[in-house]
Amino acid sequence: MTVDVDLLLHSARQLCIVPAQDGGPQRGRALGTLGLIEDGALAVHEGRILEVGVSATLRAKYRARQAIDAAGCAVLPGFVDPHTHLVWAGDRAAEFEMRIAGATYMDIMRAGGGINSTVRAVRAASVDQLVAETLPRLQRMLRAGTTTVEIKTGYGLDSASELKSLDAIFRLQALQPVGIAATFLGAHAVPPEFAGRTDAFVEMLVDTMIPAAAAYAREKGQPLFNDVFCEAGVFDVPQSRRILEAGRAHGLTPKIHADEFAGLGGTRLAVELGAVSADHLVKTLPDDIAALGQGQTVAVALPATPFGLGHHEFTPARAIIAAGGALALATDCNPGTAWCESMQFVLALACRYLRLTPAEALAAATLNAAFAIGRGAYIGSLEAGKQADLLVLDAPDYRHLAYRFGGNLVKHVVKNGQQIV
Ligand code: NIG
Ligand code: FE
């Protein structure tokens, strides 16, 4: 008996399932489990994966309205990019030049540039302008294989401008196919009107901005994460705790920017608060690495950021894996440190500078990245029941992804069962 389905992909030279580990992310030594099938096939119906197996079996069993012949190609889950600052206006090309001449990121920030320069541009922009500037970035990400992306606010830093950014994020979801997870990052920097009064800004965040953002997301029926830039000279650990606990009281799951330039203990805080992820993790202290091995918080490495800053120190990924942590990868796409729209380039960096194997990098950029935004049960792997978000590469082996760099190996993108690229 043949079964009618919407889509049958068949004859894949390699099909990478990237299975969940006991229903969770791939932790420790399990990272890099791909569940490779040779001559693989996958049946899709109503946007979901119905069955994965070998071509002969599935071709005999299913009659499909649409077929994709993936002969000679590797097939893998769509990339999940779990950390971006994609909604912004303008650019900071001039700061890039200043950094090459020797200024540091934090020097530029203290002089009123950096994040606050993008804050000026975002405050002056309309929501339509934010949407119009962000849409092409999302379209390029999709062509490069990203099927779900997390997007943070954080360039508004007052209630109206943060809600405007959130509005832009929600509108973008309705305008294009990439799945979007929204994060409130009102605590991205201290805005100029609060200069030297960080505690007063934290009060305002806790009393006004966080409740307003949570109410707005509830009104739109959208889940929302809450993030903070826990860093020397920005928000310290006690301030970060207040901000994340306040968000949690309003139903917002914590995330954190920790250990980018200084190890303050933000990662340990994230684990203690049950944050869904702790991100950056360059200067992470041994106790914090150990905590990642014990807790549920996913460690998100962003190698495009040190690369973008011309730094030579990266996330101690091997130590995090050895401690039993769950490691994910993201672009951190933003106009200051890393205007990188390609998860493929992030994989190339991660293999070289974090010393991940190509299989580990692939699992970190798909399954574990999905868990870093709380969506691991629905996306991130090619397992039956999950959303049919997948990539067909113009390459015979998944390892070509990290091995080759600077181009785009994605031939087809299927999102929610629809072939869109
Ligand atoms: O993740 N570190 C803080 N935030 C961003 C940079 C944002 C910016 O410079 O505009 C980051 O690297
Ligand atoms: Fe970031």
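In listed order, ligands and their atoms are each counted from 1.
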Is there a heavy atom in His280 that sits closer than 4.0 Å to ligand 1?
-> yes
Between Asp279 and Ser277, does any side-chain donor sit less than 3.5 Å from a side-chain acceptor?
-> yes
Would Asp6 and Gln66 count as having a side-chain donor-acceptor pair, cut-off 3.5 Å?
-> no
Go through ligand 1 atom by atom and flag the ones less than 4.0 Å from a non-hydrogen atom of Thr337.
-> 6 (C), 11 (C), 12 (O)
Under-4.0 Å heavy-atom contact with ligand 1, by part of His188 that carries it = side chain
Aromatic rings Trp339 and Trp88: how do their planes relate, parallel, tilted or perpendicular, breaks at 30° and 60°?
-> perpendicular
Is the centre of the Phe345 ring less than 6.0 Å from the centre of the Phe307 ring?
-> yes
Note: ligand 1 atoms sitting under 4.0 Å from heavy atoms of Gly336 are 9 (O), 10 (O)
Hey, is ligand 1 close enough to His257 that some N/O pair sits below 3.5 Å?
-> yes
Quick one: does ligand 1 sit under 4.0 Å from the side chain of Tyr105, the backbone, both or neither, non-hydrogen atoms only?
-> side chain
Considering only heavy atoms of Ile115, which atoms of ligand 1 have at least one such atom less than 4.0 Å away?
-> 7 (C), 8 (C), 9 (O), 10 (O)
Taking 2.8 Å as the cut-off, does an N/O/S atom of His280 lie below it from the Fe ion (ligand 2)?
-> no
Of all the non-hydrogen atoms in the protein, which one sits nearest to atom 2 (N) of ligand 1, and at what distance?
-> Glu260 OE1, 2.7 Å
Between Arg123 and Glu193, is there a salt bridge with N-O shorter than 4.0 Å?
-> yes
Go through ligand 1 atom by atom and flag the ones less than 4.0 Å from a non-hydrogen atom of Arg92.
-> 8 (C), 9 (O), 10 (O)
Judged by modelled atom types alone, do Asp81 and Thr84 share a side-chain donor-acceptor pair under 3.5 Å?
-> no
Could you tell me the residue and atom name of the protein heavy atom closest to atom 12 (O) of ligand 1, and the distance to it rounded to 0.1 Å?
-> Asp332 OD2, 2.8 Å
Return a yes/no value for His85: is any of its N or O atoms, backbone included, closer than 3.5 angstrom to an N or O of ligand 1?
-> yes
For ligand 1, which atoms have a heavy atom of Tyr155 less than 4.0 angstrom away?
-> 7 (C), 8 (C), 10 (O)
Could you walk me through whether Lys152 and Asp227 pass salt bridge (charged side-chain N to carboxylate O under 4.0 Å, His left out), step by step?
-> CA-CA 8 Å; Lys152 303 174 195 297; Asp227 197 346; 2.8 Å; yes
Hey, what's the ring geometry for His280 with His257, parallel, tilted or perpendicular (30° and 60° as the breaks)?
-> tilted
Contact check, Thr118 vs ligand 1, heavy-atom distance below 4.0 Å = no
What about Tyr105 and Phe261, are their ring centers closer than 6.0 Å?
-> yes
If you take all heavy atoms of Asp332 and Thr337, which pair is closest and at what distance?
-> OD2-OG1, 3.7 Å
Under 2.8 Å: N/O/S of Asp332 next to the Fe ion (ligand 2) | yes
